[in-house]
There are 4 protein chains.
Amino acid sequence: MAPNNPAPPDSTRRSERSRRAIYDAAIALVVEVGYPKTTIEGIAARAGVGKQTIYRWWGSKADVLLEAFLDLSEQAARTAAQEHESHEGREGRAGHESQGIPDTGDLAADLKLVLRATVDELRDPGFEAPSRALAADGVVNEELGRRFVAQLLEPQLQLYVDRLRSAQETGQVRPDIDPRIALELFVSPLAQRWLQYTGPITYEYTDTLVDYALNGLAPR
Amino acid sequence: MAPNNPAPPDSTRRSERSRRAIYDAAIALVVEVGYPKTTIEGIAARAGVGKQTIYRWWGSKADVLLEAFLDLSEQAARTAAQEHESHEGREGRAGHESQGIPDTGDLAADLKLVLRATVDELRDPGFEAPSRALAADGVVNEELGRRFVAQLLEPQLQLYVDRLRSAQETGQVRPDIDPRIALELFVSPLAQRWLQYTGPITYEYTDTLVDYALNGLAPR
Amino acid sequence: MAPNNPAPPDSTRRSERSRRAIYDAAIALVVEVGYPKTTIEGIAARAGVGKQTIYRWWGSKADVLLEAFLDLSEQAARTAAQEHESHEGREGRAGHESQGIPDTGDLAADLKLVLRATVDELRDPGFEAPSRALAADGVVNEELGRRFVAQLLEPQLQLYVDRLRSAQETGQVRPDIDPRIALELFVSPLAQRWLQYTGPITYEYTDTLVDYALNGLAPR
Amino acid sequence: MAPNNPAPPDSTRRSERSRRAIYDAAIALVVEVGYPKTTIEGIAARAGVGKQTIYRWWGSKADVLLEAFLDLSEQAARTAAQEHESHEGREGRAGHESQGIPDTGDLAADLKLVLRATVDELRDPGFEAPSRALAADGVVNEELGRRFVAQLLEPQLQLYVDRLRSAQETGQVRPDIDPRIALELFVSPLAQRWLQYTGPITYEYTDTLVDYALNGLAPR
DNA sequence: CTCTAACCGAGACGGTACGTCAGGTCTTGAA
DNA sequence: TTCAAGACCTGACGTACCGTCTCGGTTAGAG
């Protein structure tokens, strides 16, 4: 279809070593100097890699960072999973939503727990810097934004959908509610405060969001 | 305190002509070529202005655009106000939130109306391009983000606070609710969908948000 | 004739204070930072004068410096003349050529004396910096070069012409010699060494030049 | 010793193409618009080269022009040499001093011939413009001046030294004369007239210089 | 002894060029 | 063929001065 213009490189010969070094350099630079001052040349230099090696495999700074961050998330998830395993038996101590949202039967409590964990994550500079960078670029670059959402955000949101559906089955949420929209009532406010600095991010705040969303603003 | 190094220029001698031209050029370029490809040189050239005239009065591309957009908003508000005046007698047909949120007594209807107007605005390229650009830069540049919020976003949100308080007085909203948080239940989801392309933006969607937020997710 | 384009300013209202300050600033800057780094803005700032005051009365940096240097030379000449007067009675101890070249009857001795004084002058940074600057600009700017020569150099050279003519009358120089050309035999070599760094500038050197020039290179 | 900060570029990878284009552009611009209006940007643009490519290999406009002019001189010398070769058998018709000064046994005639050729050269705009530019900058920039002399001027002067020494052997010049100084008697006057516009440059003038210098000003 | 036209300081303005940085492409030599 | 290295062309950066143009204020000579 497309005239395969750029003659795609042979990925079997790809240097795993370089890929890792590039990921690490990209994340480190974003954390240390910020996204705008992170440059492809800087990443290449820090990774001990030729610029061409980056241009060969990625299309832009954002591409590099998106993959690097995905990789980082996977690592973190893997680590968390192992830890989870070693603590098996204990219930509920969810550390990271990628493990799924706990289902103790008490929807409000489960949501508050998970949102508190998210609050923690949003404050961890190691995660915050790259994800904020990607989110920012995604705001102005629709294609990147959609990939960011599809690969990072939506999988997280899907866990809320699952938990809400489960709550619908137990009657804690009205059956006519669309869970994909419902989750936004407590997730989006947190997201906006984080993205736009529209307010402080605290446990009390997220707890409140859950209460308001579940019970509504109108008198009962 | 600070040694106010660069000796601030004399604003009384400032050229109004240049300021206007720079505002116009900045907005036009962001709309036409996008924020990242909008350069200070480009703005200066398009405005028929020396680069130094921009650097003399603003600290960055974002500063220029923020002021330009503020100016644009004021113009729009002024225009809308005049139009409103000329249509006096008709009630309620608010076109722009800066006029305040209508208060017909029916909170849900009023909110839906305003949110629909916001949906329209978010789709107007003349407004979308610059505000998206500023929002994006604000995500990664906290100082800018806070100014964006303080000068553009928060005044809008305050209107919701007012309307919600009015609703509390008429008993349509529970008195223990914090309006500043409550408004996020329907505003933030819309904001996030717009910022991050996490879902379509439609009247049905915003209507649904209002219903969910007012009535809550839990069965009554 | 000409449409009196720029409407020449009224020189009777001219500020002597500013003129002096500009001269001083120009000379000082050329000495301190060099001609290329001397700017009109810098002169204006250092002189505590508006830029327009410079542009009103001079056409270029070189114009300013040329006048400043002429002024400086006149001052120096006046100072030297006073000093000369106070030492009256003593013969021959010419300090500065502008007083005329001494005429003791011994042409070689007189020339050597004057050239040694020139050597001293060429090494005085206060004179060297500005005159070198003007000479340099004159090399590449014919109009300036010709003014530099006419106003500064040629009057000096004329003194040599006079002395050589006197020597022709006493038979120390052949009558068919053109003094204006002859003087170049000892003046130009010194000038070139100074302008182009083609060799060291010493008393021995200038003495030698006089000997060679008077006696010729060929065996007698 | 010095911390050789800027990490000198790898000259083996240097683009010969760019170098040539830069030389040509620099010379052409100096001839066409003059040295002061010749800018690095202009050279880069005319040469179809990035500015950085100039800054990578040269430190200043003068550096570029000096090398360009040296290259031009070498080319010219090479061309002249070839021409000379093809005219072998004919004696004495020296076109360019770099071929050496002719030695017909008649010193005065040989010097006059060569100086007349120099007069021609000083009037060839292709040579005059760049060499005047370099000379001018060298007046005010000692480091450049010394390089100009060492690389361009002194080699020419050395030819006079050689010819004068030969004349000393044949008894046409007194043995106690220092040829390096002697040559200045006829070369420097011409140089000064050229540099400073102190007088017309003609064959008659240079012929006269030779006569005066060889025979001296004093009666024989 | 005003009045008023200029010169004055200051410095904003539209520009040009500076020297630097990074983007993305292309070439070279070693592995 | 990939890779590290880095030269190359491009284009924007933020700065320095250019020469022109107001803007009050001051200042002197014509009334």
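In this text, all values refer to a predicted model and were calculated from it rather than measured experimentally. Side-chain atoms are counted along with the backbone in the values below, which use heavy atoms only and exclude waters and symmetry mates. So you know, we letter chains A, B, ... as the sequences are listed, proteins then strands, and number each from 1.
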Nearest whole angstrom, please: distance from the [atom2] of [N] to the [atom1] of [X].
| X | N | atom1 | atom2 | answer |
| --- | --- | --- | --- | --- |
| D/Arg19 | F/dA7 | CZ | P | 14 Å |
| C/Ile22 | E/dG9 | CD1 | P | 7 Å |
| D/Asp63 | E/dG19 | CG | P | 11 Å |
| A/Trp57 | F/dT1 | CH2 | P | 13 Å |
| D/Leu29 | E/dA17 | CG | P | 11 Å |
| B/Ile54 | E/dG14 | CD1 | C1' | 12 Å |
| A/Glu41 | F/dA7 | CD | C1' | 11 Å |
| C/Arg14 | F/dG29 | CZ | P | 16 Å |

Students often get this wrong, so: under 4.0 angstrom with heavy atoms, is [X] touching a base, only sugar-phosphate, or nothing?
| X | result |
| --- | --- |
| A/Ser18 | sugar-phosphate |
| D/Gly42 | nothing |
| A/Trp58 | nothing |
| B/Arg56 | base |

Of A/Thr39 and D/Thr38, the one whose closest DNA chain E nucleotide lies more 5'
D/Thr38
Mapping D/Tyr55 and A/Lys61 to their closest nucleotides on DNA chain E, which lands nearer the 5' end?
D/Tyr55
Distance-only donor-acceptor test (3.5 Å): side chain [X], base [N]:
| X | N | value |
| --- | --- | --- |
| D/Arg13 | E/dT28 | yes |
| D/Lys51 | E/dG19 | yes |
| D/Gln52 | E/dC21 | yes |

Along DNA chain F (nearest heavy atom to each residue), the more 5'-positioned of C/Gly59 and D/Val49:
D/Val49
Nearest heavy atom decides the nucleotide; on that basis, is C/Ile40 or D/Gly48 closer to the 5' end of DNA chain F?
D/Gly48
Look up atom CD1 in B/Ile40 and atom OH in B/Tyr55, then write down how far apart they are to the nearest 0.5 Å.
4.0 Å
Do [X] and [Y] have side chains that approach each other closer than 4.5 Å (heavy atoms only, starting at C-beta)?
| X | Y | answer |
| --- | --- | --- |
| D/Lys61 | D/Tyr35 | yes |
| C/Asp63 | C/Ser60 | yes |
| B/Ile22 | B/Trp57 | no |

Are any of A/Thr53's side-chain N or O atoms less than 4.0 Å away from OP1 or OP2 of F/dA4?
yes
Indicate yes or no: does A/Arg20 engage A/Asp71 in a salt bridge with an N to O separation below 4.0 Å.
yes
